[in-house]
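The next block holds one structure in the form of structure tokens; read it before the comments.
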Amino acid sequence: MNKDNNIKEPEKRAFLKGAGLSIAALLVGGLSMERYAVPKGRSVPVMDNFPLAILEDPNGNPITTSEVIEFAGASKTTKSSPILVFNYPLQDEPTFLIALRGIKITTPNTSPSSGFAPVPPGTDAPMDGIIYDSATNTSILAVSGICQHLGCVPPFLDYHPGQSVPFESQLIGYKLDGVGVQKWPDYGLIYCKCHGSQYNPVWGGRNLYNNGPAASPANHSLPQIMLATDSNDHIYAYGINSSNAVIRTHLKFPDGETHGAGVKNEDLTGGTAIRQSTRTTPTSLNKYSVTSLESVSPSSLDVNQSNGSIILYKTTVVSNENKDGLNWKGTF
Ligand code: FES
């Protein structure tokens, strides 16, 4: 059997539309509307709560941090790295899963003037929601794979690791060892080929705005998806960093308009929920926070609850590259 066929229909549909703008996701999305999918309002861009989702491979096996580090760990000298993507918080919303070897992504030393300011990492504790593996000195982070300019998705929005400067980035002035030009960041960029938006994964996906050689047209950073682990090293997504919790470009078009004053609401209604899992919800999770690594009850996280119990969803991690023993090949 073709291994690609192992990817079940919901994931397949989500990734086949990868070449389109994310607005297509709204159009193809089903009618289901989960309560967690609705932000409280434009002025309070935080959802009521989120699904607790376990990350699986296309065969339905939970993936581990060590697998992600082995498969996709990028370093300063990396020249290529598979793009790992999973859907969260809705089925049609791609999210990058990025492992960076040799660096602990930490809370910024200085407070950003807004939640979106480009502040480089500090020296202290890991940033909230970013898994840090001290044995390999690796950070694993997840950021939205929907460009916050006009919504391009993978493969147009793509992570280019250290020492792999894409042609498009060279055109705007990035070079590996820039002399009089902009130096390519050590761990590379998430770069959007549609109009040149630039996001630095070491900054937790923050937009570079005008700090790169050319302006980054996106006005917002990539929302950061919060990650946790259980005692088996399995990875869970449990929310979006509240500093930037709206995945923009998922706009509601009451009269079919695509821009202008008529676009009133940033709203995720119409998206399709990720699938509910039959797995047992873990009794505790390792939550990576700015102050410490805590073992917490899932019920203490801001995740979707029904009748007092945590609902566990599942989301499939896929890649644009296959590798021996790790069949995560996707279809985008
Ligand atoms: S959609 Fe990404 S730069 Fe415009």
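Counting starts at 1 for both ligands and their atoms, following the listed order. For the numbers below, each heavy atom of this structure counts, side chains included, while hydrogens, waters and symmetry mates do not.
Within the listing of ligand 1, atoms 3 (S) sit less than 4.0 angstrom from a heavy atom of S197. Near H195, meaning under 4.0 Å from one of its heavy atoms, ligand 1 places the atoms 1 (S), 3 (S), 4 (Fe). Residue C192 approaches ligand 1 through these ligand atoms, each under 4.0 Å from one of its heavy atoms: 1 (S), 2 (Fe), 3 (S). Which parts of ligand 1 touch G196 is read off a 4.0 Å heavy-atom cut-off, strictly below it: atoms 3 (S).
Closest approach between atom 4 (Fe) of ligand 1 and any N/O/S atom of H149 involves ND1.
Residue contact annotation: C147 places an N/O/S atom under 2.8 Å from atom 2 (Fe) of ligand 1. Using a cut-off of 2.8 Å, one finds that C194 contributes no N/O/S atom close to atom 4 (Fe) of ligand 1. Residue C152 does not count as close to atom 4 (Fe) of ligand 1, with no N, O or S atom under 2.8 Å.
Between R279 and E56 there is a salt bridge, with a side-chain nitrogen of the basic residue lying less than 4.0 Å from a carboxylate oxygen of the acidic one.
Under the 4.5 Å side-chain contact rule for hydrophobic residues, W184 and V181 do not share a cluster.
Remark: T77 engages S75 in a side-chain hydrogen bond (donor to acceptor under 3.5 Å, both in side chains) (not counting sequence neighbours). Looking at residues two or more places apart in sequence or on another chain, you find no side-chain hydrogen bond (donor to acceptor under 3.5 Å, both in side chains) involving Q182.
Between the side chains of T138 and D133, no donor-acceptor pair of N or O atoms lies under 3.5 Å. In the model, Y209 has no side-chain atom that pairs as donor or acceptor with a side-chain atom of Q198 under 3.5 Å.
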